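In this text, all values refer to a predicted model and were calculated from it rather than measured experimentally.
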Amino acid sequence: MKGVYMTDKYNDEIIDEENQDTDDQTDDYEPEKFCTLCHRSESQAGKMIDLPNNIHICPDCMQRSFDSMNTQMQSGNFNYGDLFNMPNISMIDLSSLQNQMGQQPKPKKKKSEKKDPVLDLKKIPAPHKIKATLDEYVIGQEYAKKVMSVAVYNHYKRVATDTMDEIAIEKSNMLMIGPTGCGKTYLVKTLAKLLDVPLAIADATSLTEAGYIGDDIESVVSKLLAAADNDVEKAEHGIIFIDEIDKIAKKKNTNQRDVSGEAVQQGMLKLLEGSDVEVPVGANSKNAMVPLTTVNTRNILFICGGAFPDLENIIKERLNKQASIGFYADLKDKYDDDPNLLEKVTVDDLRNFGMIPEFIGRLPIIFTMNGLTEDMMVQILREPRNAILKQYQKLLALDEVKLEFEEDALRAIAAKAMEKHTGARALRAILEEYMLDIMYEIPKDDNIGEVVITRGYIEGNGGPKILLRGQEVPLLESGQ
């Protein structure tokens with residue numbers, strides 16, 4: 001009824017609620033955004049990137065723009081002055097663009113939050129337990145396994161206790177020296193598996209000085225971060241094994257710039273001692289458009305290994321100089337056939353080889369590994385938990401065929417491996433050669449129950465012994 005005011009309290013509340021709902025709908029309404037370049041709506045192209053002067057760009061157009069700029073930069077046709085002459089755009093905050101495109105900024109650690117320690121001191125196995133586990137996988141190298149067990153145990157005790165008192169324990173970085181194929185990499189892999197920590201294996205031959213083609217020195221930390229599933233705290237308690245470390249020795253008598261020698265050693269000093277390193281997440285190159293994160297290398301255990309060829313000659317030369325003066329001088333060929341010559345290595349010998357003193361000083365634990373003998377080769381074939389013979393026996397067992405090796409056959413395989421001078425790697429290559437025909441022929445006949453590898457088959461003047469289920473058949477020709 002016109003001209004009549006409703007004074008009823010209940011009606012007043014209803015009218016106020018309706019007006020409030022209308023106002024809320026008006027305030028929440030926002031017009032739909034359209035991309036300035038492709039004119040697609042936000043519902044079609046996804047969340048828009050807002051730029052000054054009411055400009056909106058969809059993620060697809062922004063990515064195409066970045067790709068185009070990157071291509072022009074690589075071709076050398078990009079003019080940086082064009083960035084400041086773009087219409088309607090004065091200043092662009094690139095960090096805000098990355099955030100809008102889904103790359104969130106690095107979360108800041110709250111000091112008030114107390115996280116559970118990554119390593120528990122009580123769960124770290126004692127040195128004798130570490131060595132016992134290594135014995136199951138690695139044959140020989142008793143001294144090397146003992147040194148590594150103690151060094152790793154002390155290092156992770158240091159990490160677990162962190163800064164409990166004013167006495168700061170130094171890092172136990174290691175340098176292992178040994179011929180190729182003696183088990184350097186295998187030892188480190190077994191160690192990381194035992195401790196359940198992330199492991200990164202890097203090759204020093206690919207490292208170059210910053211600014212040159214090759215991997216930057218920080219790329220070894222990037223590999224560790226990837227092995228830890230981009231978990232920074234987990235990566236900071238991992239192990240980095242740098243193989244072929246002897247390849248970054250200082251080059252002698254060269255007129256070219258040594259970009260992969262002494263300069264790489266100088267660059268690795270901060271990593272070995274402990275420092276904050278900016279590494280890309282999910283890439284090995286800092287030039288990639290990926291966010292960077294900070295990794296502290298203070299608690300990362302570095303193990304360096306190398307064959308150090310011709311190091312024996314440097315040791316021999318030093319020993320001959322010491323023992324070639326006076327009436328009791330030794331013969332010059334005294335150390336020519338010494339199998340344990342590498343054990344006499346000193347820091348001076350490594351410096352003469354080409355390693356700088358600052359680098360050697362950050363690897364306080366230096367030990368050597370012995371070359372493999374024929375007896376050790378036979379043990380490697382059958383004794384470790386995942387021995388090569390056990391692998392082939394497992395493969396044939398899946399076909400319900402038993403595989404056996406005569407003792408003389410193992411000796412013949414070990415003798416052939418010694419001739420190749422490539423260590424335990426030669427064993428696999430030799431077995432692959434002789435097992436090829438057997439693995440090819442066995443599935444053809446379901447009546448075969450057992451195969452015995454003989455010495456004659458390995459030496460080429462006989463064949464393997466094939467046993468049918470319940471009876472024996474003559475030897476096969478060696479060429480079959």
Side-chain angles (χ1 to χ4, degrees), residues 102-111 113-125 130 133-134 137 148-149 151-163 169 171-174 184-204 206-207 215-243 245 267-268 270-305 362-363:
Q103 298 176 352
Q104 300 297 329
K106 293 181 291 185
K108 296 182 179 179
K109 295 182 180 179
K110 297 180 180 179
K111 296 182 180 179
E113 294 182 357
K114 291 184 179 179
K115 294 184 178 181
D116 295 333
V118 177
L119 288 175
D120 187 359
L121 184 60
K122 296 180 181 179
K123 294 182 180 179
I124 302 175
I130 297 177
T133 305
L134 294 177
Y137 293 91
M148 290 186 72
S149 301
V152 167
Y153 180 65
N154 289 339
H155 172 76
Y156 281 104
K157 275 199 302 185
R158 166 186 177 269
V159 173
T161 56
D162 202 9
T163 54
I169 305 174
K171 290 179 67 174
S172 303
N173 294 330
M174 289 176 266
K184 297 187 295 293
T185 306
Y186 194 58
L187 260 178
V188 179
K189 284 183 177 179
T190 308
L191 201 60
K193 184 179 179 181
L194 165 66
L195 297 171
D196 193 22
V197 294
L199 168 68
I201 299 178
D203 197 337
S206 62
L207 300 178
D215 291 339
D216 290 337
I217 297 165
E218 290 83 1
S219 65
V220 297
V221 185
S222 299
K223 292 181 179 179
L224 181 64
L225 186 63
D229 296 329
N230 294 330
D231 186 344
V232 175
E233 188 172 1
K234 189 177 179 182
E236 289 178 348
H237 300 93
I239 298 175
I240 293 180
F241 177 59
I242 305 177
D243 203 3
I245 200 69
M268 289 184 64
K270 62 176 183 177
L271 291 184
L272 295 174
E273 192 166 9
S275 63
D276 290 328
V277 183
E278 291 282 344
V279 295
V281 178
N284 289 334
S285 174
K286 286 186 177 181
N287 297 327
M289 294 180 61
V290 294
L292 299 178
T293 188
T294 302
V295 178
N296 192 302
T297 64
R298 187 173 65 91
N299 291 329
I300 296 176
L301 180 62
F302 285 87
I303 303 176
C304 300
R362 285 165 173 81
L363 299 168

Those residues that, when tested against [X], pass side-chain contact (heavy atoms from CB on, under 4.5 Å) (two or more places apart):
{"X": "T190", "answer": "L134, Y137, Y186"}
{"X": "S275", "answer": "K270, V277, T297"}
{"X": "A227", "answer": "P198"}
{"X": "A202", "answer": "V220, K223"}

Does some side-chain heavy atom of [Y] sit less than 4.5 Å from a side-chain heavy atom of [X]?
{"X": "K171", "Y": "L301", "value": "no"}
{"X": "V188", "Y": "I201", "value": "no"}
{"X": "C304", "Y": "N173", "value": "no"}

Looking at [X] and [Y], what are the two nearest heavy atoms and their distance?
{"X": "L199", "Y": "A192", "answer": "CB-CB, 3.6 Å"}
{"X": "I242", "Y": "A204", "answer": "CG2-CB, 3.9 Å"}
{"X": "D216", "Y": "L207", "answer": "O-CD2, 3.6 Å"}
{"X": "G267", "Y": "I217", "answer": "CA-CD1, 3.4 Å"}

May I ask you to decide if [Y]'s main-chain N or O and [X]'s side chain share a donor-acceptor pair within less than 3.5 Å?
{"X": "E218", "Y": "V279", "answer": "no"}
{"X": "Y156", "Y": "P125", "answer": "no"}
{"X": "N299", "Y": "E236", "answer": "no"}

Roughly how far, to the nearest 0.5 Å, is [atom2] of [Y] from [atom1] of [X]?
{"X": "L187", "Y": "I303", "atom1": "CG", "atom2": "CD1", "answer": "9.0 Å"}
{"X": "L271", "Y": "F302", "atom1": "CG", "atom2": "CZ", "answer": "5.0 Å"}
{"X": "K184", "Y": "I245", "atom1": "NZ", "atom2": "CD1", "answer": "12.5 Å"}
{"X": "L194", "Y": "K189", "atom1": "CG", "atom2": "NZ", "answer": "16.0 Å"}
{"X": "I240", "Y": "I300", "atom1": "CD1", "atom2": "CD1", "answer": "4.5 Å"}
{"X": "T185", "Y": "D243", "atom1": "OG1", "atom2": "CG", "answer": "4.0 Å"}

Can you name the side chain to side chain donor-acceptor pair (under 3.5 Å) partners of [X], sequence neighbours left out?
{"X": "D229", "result": "none"}
{"X": "D231", "result": "none"}
{"X": "N230", "result": "none"}

**Request:** Classify the side-chain pair D215/S206 by whether it contains a donor and acceptor separated by less than 3.5 Å.
**Result:** yes

